[in-house]
Structure formats: C-alpha cells, structure tokens
Amino acid sequence: MEIILKDKVKEAVQKLYNSEIQDDLIQIQETRKDFKGDFTVVVFPLLRFSKNTPERTGETIGNYLLENFPAISGFNVIKGFLNLEISDTWWVDYFSKLAQKADYFEEAMVSHPETILVEYSSPNTNKPLHLGHIRNNLLGFSLYRILAACGHKVIKTNIVNDRGIHICKSMLAWQKFGNGETPESSGMKGDHLVGKYYVLFEKEYKAQVEKMIADGVNENEARNNAPMMKEAREMLIKWEAGEKSTFDLWKLMNTWVYAGFDETYKKLGVDFDRIYYESETYKLGKELVLDGLNRKILYQNEDSSIWADLTAEGLDQKLLQRSDGTAVYMTQDLGTAVNRYNEYNFSKNIYVVGNEQNYHFQVLRAILKKMGFSWADGLIHFSYGMVELPEGRMKSREGTVVDADDLISEMQDTARDVSNELGKLAGFSEDEKQEIFRKIGLGALKYYILKVDPKKNMTFNPSESIDFNGNTGPFIQYTYARIKSVFRKAEQMNIQADAHRIESSAAGTKEIDLIKLLRRFPEIVSAAATEYSPALIANYCYDLSKEYNQFYHDFSILGEENAAVRNFRLVLSKVTSEILNRGMWLLGIEMPERM
RNA sequence: GGUUCCGUAGCUCAGCUGGAUAGAGCAACAGCCUUCUAAGCUGUGGGUCCCGCGUUCGAAUCGCGGCGGAAUCACCA
C-alpha cells in the first residue's frame, strides 16, 4: 500500500506542481493511533515544489488523491501531516487475500538466495554450558530459521574447541586426582564431570602460583613456571605429536563431554548440519601460517614464534604460532575459515560469538585479507552482549555461573507450579501435562533472552525470567492457546472460518487495527534477517498478542449473532494464530494448543 | 592509553532508514470472572531520552566533543 501511495503522491506532485521528484522525498508512514486516518504523508519535503504553506499543500494533494484514487475515502491535514483514510473495502479486500494465503513468508523471500553459514554454540570441551551459551545457542538457531525463511540456503555449523592447552588442563587434573572416575561411576553428566576437573586444575594451579610468589618468585614467572602449567604445556606438545596414551585419554573424555552436550542441545531444541572439530582443522591453520611466512606476509622472531604485523591496519602484532611450534586459537580459526570456504563457497559466514571477541574477529579478517582471500569480507561477526546477573557478572570462582541444565529444569518446574496454582489442565494425562510445562518453561526462557537486542548486554533476573505475565513468551503462547480454544468450541458448534466469504461490512476499526499489524509480518521478518535481530520478531509477536487480547476482550466471537461479523472475527483470529505460530517458530519457541 | 559497544520511567526493555503529545512490561494503587481460557482486560501515578554543541522546517534517532559503564588489546580460548 505504501508503495502505491508513494506513486500516487509522486503523480500528484507532478500534475499539480509540474515537478519531477525523487522517491526518497516522499515519506509515507502509518498514522499514529491518536489521529484519524490510516497513512500519513509528510508534506514538509514537498514544500519546495508547492511554494506554499504546509496546510495548503496538504489540502491540495489530499484533494487530488481523493479524486483520483478510489481506495482513499477521506483525509485531514494537521500541521504538516496529511492523514489519508483508506476505505474499509480496500482493507477488507487486502485482508481477504492475506487470509487465503498459504505461505506467510512469501513476501519476505529474497530475490537472490545466498549460501550462508551460521556458526554458533562453539563450545569448549572443558566446561558445561551456562547461561551465556544459552543466549548464543538461541540466537544462532533463531538466526538460522529467519534466514532460511527468507529463502537462503543456510548451513548450521558448530566448531568444537576440542584442542588446546585448556583441554589439557582438565585431562591433567583428571589424571592426577580422578582415580578413574567416569560419568557412569559418578552419576554425573559427562560435561559436568570434565568441568569439575577443569576447576580442580585452576584451583591447584592457583595455589602453586601463590606459593611461588610467597617464596619470592615474581608473578609472571610464577604463572609461567608453576608445575601444573608446565605439565599442561608438555601434554599439549605430546598431544600435537599424537602420543598414544595422551590421545586416548583425550578421546575418552571427549566422548563424555559430547554425550552431555547433546543432551543439552536436545533440550534446547537446537541442532547442527555440520560439526567441525578444531583438532581436525588446526593443521590446515598451521600450513597457512607457514605459507604466509614463506610469502613474507608474516614474520618470525628469534625464538621461532610466528607473528602477523597488523599495525598498518590499525591493529597490533598478533601471535600465530608459539615458539614451541604449537598452534593458538587464531591459527585454528584461520584453518577453519579456509576449510569452510573450500567446502561451501559461502557468500557469508556468520559467527555467533560474544562481543568479548570483537578484536579477535577484526584480526581474523585482517589476516585473511592480507593473505589474499577476498571472500574474507563475507566473514561476519554477529557479536552479542554478555548476560549478567542482577549482582553483576557471572563468575565461576564465586559459583555464580548459572548452569544451562539447571536453568531449563527450573523453568519447567515453575511452569508446573504456576499452572497447578491456576488450576489449569485438569483432566490431562501426566505425559500431556509434562509436554505442556516443557513448552511453557522453555518458551519463557527463550523469549526472555531473545526479546532483547542481541548486541546489548542484558541482565538476567531469575525472578523476572520466570514471570509469565506481560511481555513474556507464555503470554504469547497463552494468546495462541486461547484462539485454539475458540476454534475447538467453534468445531463443536459446527461453525467454520471461511476466508473466501469475508464481507467488508463486517469490519470495524478494531478489526482494521489488527489487520494493520498482521500485514507487517513479512516486513518484520525481512528486517530481522538483514539486521540479525530475532528481537524484532519477538517484540512484534508481543505487540500482536496484546492487540489481539484487547480485541478478544472487547468482542464476542462465537456469541456474535451476525454470521458475517462472526466469520470475519473468526478468520481474523485464525490468521493471528497462524502468524503468531510462525513468528514464534522463527524464535525456536513451540506453541502449546492448550495451557 | 588504543579499538569496539552501550547510556530512554524506580527496575527490565521497545522505539524501523530523522517526523506529530516518547511506549510496553514489572513493581505500587483502584476496578473487571454466570460468557469463546482472568497466564487476561481497564484505569491512576511515574521522563532533563547522560550532558553540550552542530546539521534543518523538525533530533531519543544523524555528526563532533565531553561524562559514565562494559568488553578487549596474552606464547588463554
């Protein structure tokens, strides 16, 4: 509609003032709620053509449109704003087409689909997943769904950081203090068990450093030479050399961790198309580094460590290979990026990684470009903010890290308690109830996290996150469940929603308000895809739910005597529920039929 | 110190490429269940959009300069 109006205004200016005018001078927007009308033309930019006051110009253009454009049924001018009223017939006609559409994503489809890799999760195998990872996983998965809904070919990738000195730390601690403990023997989830030994390492290491400092060693030296750290470094060298016992232990502990991760991913409802392991890509990274050295793009120190000089790019010197010949994080990432490009020939490779690594990705891209890979421009760091607690940052040392598994089960427990308290779901089987509680608990958690702008740091307030009122996932789920309930009743009464038989006389202003919101869905999806922001969809779904709830409250649907009006409201309800369902689907949130 | 990001109600957050009187939720208070689900709806109170300057018909939005906060600048990942 906006596009048609734009053309019409353009035509009006041309006819009335005899001037050709650029498109961007014509601004059409939805009229604010407190004014009469549907669309507003901002006339200020047009004054230079009319050479007249804003009011007179508005009047003149308004009159022209009224006479030459049947969809317009009236207008008013307030200050410099020309408010156009669109006839109900036009709206109803528009809605009728929308309601008969099978695919609500159609208009959001891009004309040139791309191959896009979305890298997310990227866990370390030495720690279980926590709240921060949840944000990562939810954002990544949702981004995948949004891009795919727009028609792109999207591949979900997950690179597992399964090598490096940090892995050796938990292995070393397990060797020293583990006494052969396994997930089976301890009853612990594998990732939690390995995490336990990582913490043990840090504790022991810290104690050694402190002791050395107390004995007069300076801090840096103590950190470097503490026995635990030395042993870990030796282990890494052994591992890179492929020494069998080290390698076997590594493999064993990895299987524990992966089993643990899979369980958590499954609960969260996320998955991957292609999993990479750094243990498989770091060698390519090392080759690249050597190649770069040969081509004099990189340089070597006397201690034989290899560096990139990025001062010309406004960055620093960056280490790419240690003096002992082992790879660092950056080396691995160089390898993975090249590996992926060779495999998929992607146009974009989106990394969902926290903003603490902004610098890392700047450097990664700079090095790749220096090496001559022009596709490095397609590497996009989707940088999201930290999750903080009301008391501040999560600190593992203080035990304030919110564990992903615990959080998920707590949310479901709360869903159960609230539901029972409200006396809902009587007469359902225990399994059915569990399934509903699962959807609500997860819905609350996911929505709470996804509704905020990804790039901002966010506060995770536990008591707020389990609130099911207001701008929350369960509120939207509730709206949906309510509509479903209407349709269950309608079926009993043998009433159907018939999108082919919508009569324009049945529309009121409240209905048209809802239609206006519904029509924005494709636009929101496109915006979410280009701005990488699931939050846009979340907030849209909330607005729509709120609008519908008011509608629901104001009108009787099934009790309505007039069949045409009843049908109109039913169709409206139907479309609302479908769009809510799809919107939430893009966020990875499931909708319960009842709650 | 360099780089990046953030600063909107007591709290958590919206506010699209500049547009009319800045919006929700939570918290507080007051109402609404014989009806299609009250996890809802209605109302009241609550603002120096961090500060200043600039750009222009018009700035929470754009630019510059401050102030405040976060992250990062490791032979950690």
Side-chain angles (χ1 to χ4, degrees), chain A residues 24 27 29 31-32 34-35 40 42 44-45 47-48 54 78-81 83 122 124 126 161 163-167 169 223-224 233 278 301 303 305 307 314-316 318-324 326 328-330 332-333 354-360 362-363 383 385-386 388 390 393 415 418-419 421-422 424 440 444 448 451-453 455-461 463-465 467-472 474-475 477-479 481-490 493 520 523-524 527 531 535-536 538-539 542-543 546 549-550 552-560 569-570 573 594-595:
Chain A
D24 54 348
Q27 292 180 51
Q29 51 198 250
T31 303
R32 290 180 60 124
D34 10 296
F35 296 94
T40 297
V42 184
F44 292 111
L47 298 182
R48 67 170 99 150
I78 295 168
K79 296 194 207 160
F81 299 92
N83 299 323
S122 329
N124 285 331
N126 58 353
N161 297 309
R163 55 135 265 131
I165 190 123
H166 60 300
I167 309 299
K169 292 177 182 175
R223 280 211 190 130
N224 279 325
R233 271 202 298 265
E278 288 194 338
N301 262 354
D303 64 2
S305 57
W307 297 74
L315 302 165
D316 252 322
K318 184 71 195 175
L319 176 85
L320 295 178
Q321 186 168 306
R322 294 191 187 95
S323 49
D324 65 8
T326 56
V328 292
Y329 182 45
M330 186 59 75
Q332 308 168 168
D333 265 12
N355 63 14
E356 56 197 351
Q357 292 192 33
N358 286 353
Y359 184 75
H360 173 80
Q362 248 179 299
V363 171
S383 160
M386 301 286 97
E388 283 157 21
R393 242 193 130 173
V418 172
S419 184
E421 204 175 304
L422 292 170
K424 305 233 174 184
I440 297 172
Y448 184 82
K451 75 174 173 183
V452 335
D453 183 353
K455 68 172 179 286
K456 286 185 178 175
N457 286 357
M458 65 171 289
T459 311
F460 186 92
N461 186 325
S463 64
E464 243 175 54
S465 67
D467 192 346
F468 296 163
N469 302 315
N471 190 355
T472 64
F475 170 76
Q477 291 172 321
Y478 176 73
T479 309
R482 225 182 195 183
I483 297 175
K484 286 288 161 185
S485 164
V486 171
F487 278 94
R488 276 192 297 272
K489 186 77 186 262
M493 296 165 67
R520 298 196 54 203
E523 171 198 332
I524 300 286
E531 290 173 36
L536 293 178
N539 286 297
Y542 173 68
D543 286 346
K546 190 155 167 67
N549 269 304
Q550 290 166 9
Y552 181 94
H553 182 260
D554 288 352
F555 298 108
S556 167
I557 298 172
L558 296 171
E560 172 63 42
R569 291 176 184 168
L570 265 177
S573 300
R594 286 190 68 148
M595 64 185 277

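Every chain is numbered from 1, with letters handed out A, B, ... down the list of sequences.
Atom OH in Tyr542(A) sits roughly 12 Å away from atom C1' in C41(B) (whole-Å rounding). We find that NZ of Lys318(A) is positioned 8 Å from C1' of A74(B), with the value rounded to whole Å. Summarising the geometry, the separation between CE on Met330(A) and P on A77(B) is reported as 11 Å, rounded to the nearest angstrom. In this structure, CZ of Phe44(A) is placed 13 Å from P of G19(B), rounded to the nearest angstrom. Taking atom CD of Gln332(A) as the reference point, atom P of C76(B) lies 12 Å away to the nearest angstrom. Per the geometry, CD belonging to Glu421(A) stands 14 Å off P belonging to G40(B), to the nearest Å. Rounded to a whole Å, the CZ atom of Arg233(A) is 17 Å from the P atom of A74(B). Rounded to whole angstrom, the span from the CZ atom of Phe555(A) across to the P atom of U42(B) amounts to 13 Å.
Within the 4.0 angstrom heavy-atom criterion, no nucleotide atom of any strand lies near Asp333(A). No contact: Gln321(A) has no heavy atom under 4.0 Å from any strand. Here Tyr552(A) lies in heavy-atom contact (under 4.0 Å) with a base. Heavy atoms of Ile165(A) sit under 4.0 angstrom from primed sugar atoms or phosphate atoms, though from no base atom. Residue Met458(A) is classed as a sugar-phosphate contact, given heavy-atom separations below 4.0 Å to backbone atoms only. Nucleic acid contact for Pro390(A): none, since no nucleic acid atom lies under 4.0 Å from a heavy atom of the residue. Lys424(A) comes within 4.0 angstrom of a nucleotide base, judged by non-hydrogen atoms across all strands. If you check every strand for non-hydrogen atoms under 4.0 Å, Ala481(A) touches a base. Asp316(A) comes within 4.0 angstrom of sugar-phosphate atoms only, judged by non-hydrogen atoms across all strands, and of no base. Among the heavy atoms of the strands lying under 4.0 Å from Ser305(A) is at least one base atom, whether or not backbone atoms are also near. Residue Gln477(A) is classed as having no contact, given no heavy-atom separation below 4.0 Å to the nucleic acid. Within 4.0 Å of Val42(A), counting heavy atoms only, lies at least one base atom of the nucleic acid. Contacts of Ile440(A) with the nucleic acid, taken as non-hydrogen atoms under 4.0 Å apart, include base atoms.
Taking atom P in both C6(B) and G10(B), one finds a spacing of 23 Å when rounded to whole Å. Taking atom P in both C50(B) and G43(B), the straight-line distance is 28 Å, to the nearest Å. For the P atom pair drawn from A20(B) and G66(B), the interatomic distance equals 31 Å after rounding to whole Å. For the C1' atoms, the distance from G46(B) to A39(B) is 26 Å, rounded to whole Å. With both ends at atom C1', the span from G31(B) to G18(B) equals 41 Å, rounded to whole Å. Taking the C1' atoms as reference points, A9(B) lies 12 Å from G25(B), given to the whole Å. The P atoms of U8(B) and G15(B) are separated by 14 Å, rounded to the nearest whole Å. For the P atom pair drawn from G23(B) and U44(B), the interatomic distance equals 14 Å after rounding to whole Å.
Between the side chain of Asn124(A) and the backbone N or O of Asn126(A) there is no donor-acceptor pair closer than 3.5 Å. Although no hydrogens or angles enter the test, the distance criterion places no donor-acceptor pair under 3.5 Å between the side chain of Tyr478(A) and the main chain of Asn469(A). Side-chain N or O atoms of Ser485(A) include none that pairs as donor or acceptor with a backbone N or O of Ala481(A) at under 3.5 Å. Panel note: side chain Arg594(A), backbone Lys424(A); no donor-acceptor pair is recorded below 3.5 Å. Remark: the backbone N or O of Asn471(A) is paired with a side-chain donor or acceptor of Lys451(A) at under 3.5 angstrom.
For Tyr478(A), taking side-chain heavy atoms from C-beta onward, the closest of the listed nucleotides A39(B), C36(B), C13(B) is A39(B). Taking every side-chain heavy atom of Gln29(A) into account, G19(B) is the closest of C41(B), A77(B), G19(B). Checking A20(B), C36(B), A77(B) against every side-chain atom of Val486(A), the shortest atom distance belongs to C36(B). Comparing C13(B), A38(B), A77(B) by their nearest atom to the side chain of Val328(A) picks out A77(B).
In this structure, C13(B) is classed as anti because its glycosidic torsion departs from zero by more than 90°.
With RNA chain B read from its 5' end, the first of the two nearest nucleotides for Phe460(A) and Glu531(A) is the one closest to Phe460(A). Summary of the strand contacts: Glu356(A) and Asn461(A) both lie near RNA chain B, and taking for each the nucleotide with the nearest heavy atom, the more 5' one is attributed to Asn461(A).
A stacking contact links Phe35(A) to A20(B): the aromatic ring centre lies within less than 5.5 Å of the base's six-membered ring centre, and the planes differ by less than 30°. Residue ring and base: Phe475(A) does not count as stacked with A39(B) (centre distance below 5.5 Å and interplanar angle below 30° not both satisfied).
Phosphate proximity of C57(B) to Arg48(A): absent, as no side-chain N or O sits under 4.0 Å from OP1 or OP2. Between Gln550(A) and the phosphate of U42(B), there is a side-chain N or O to OP1/OP2 separation shorter than 4.0 Å. Put simply, Arg32(A) has no side-chain N or O that comes within less than 4.0 Å of OP1 or OP2 on G19(B). Checking the phosphate oxygens (OP1, OP2) of U21(B), a side-chain nitrogen or oxygen of Lys79(A) falls inside 4.0 Å. The shortest distance between the side-chain N/O atoms of Lys169(A) and the OP1/OP2 oxygens of A77(B) is not below 4.0 Å. Note on Arg594(A): every side-chain N or O is 4.0 Å or more away from OP1 and OP2 of A39(B). Remark: Arg569(A) is not in phosphate contact with C36(B), judged by side-chain N or O atoms under 4.0 Å from OP1 or OP2.
For the residue pair Gly385(A) and Asn457(A), the shortest heavy atom distance occurs at CA-OD1, 3.3 Å. Nearest heavy atoms, Leu315(A) versus Gln362(A): CD2-NE2, 3.7 Å. Listed here is the closest heavy atom pair of Thr459(A) and Tyr448(A): O-OH, 3.3 Å. In terms of heavy-atom proximity, Asp333(A) sits nearest to Glu278(A) at OD1-OE2, 3.7 Å. The two residues Leu319(A) and Trp307(A) have their closest heavy-atom pair at N-CE3, 3.4 Å. Leu536(A) approaches Glu531(A) most closely through the heavy-atom pair CD1-OE1, 3.9 Å.
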Quick one: which protein N/O atoms are closer than 3.5 Å to N/O atoms of nucleotides 3-7 of chain B? Pair and distance per line, please.
residue	atom	partner	partner atom	Å
U4(B)	O2'	Asn358(A)	ND2	3.4
G7(B)	OP1	Lys456(A)	NZ	3.2

Check nucleotides 26-33 of chain B against the protein and report each pair of N or O atoms closer than 3.5 Å, with its distance, or say if there are none.
none

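No side-chain donor-acceptor contact under 3.5 Å links His166(A) and Asn161(A).
With hydrogens and angles ignored, a donor-acceptor pair closer than 3.5 Å exists between the side chain of Thr40(A) and the base of A20(B).
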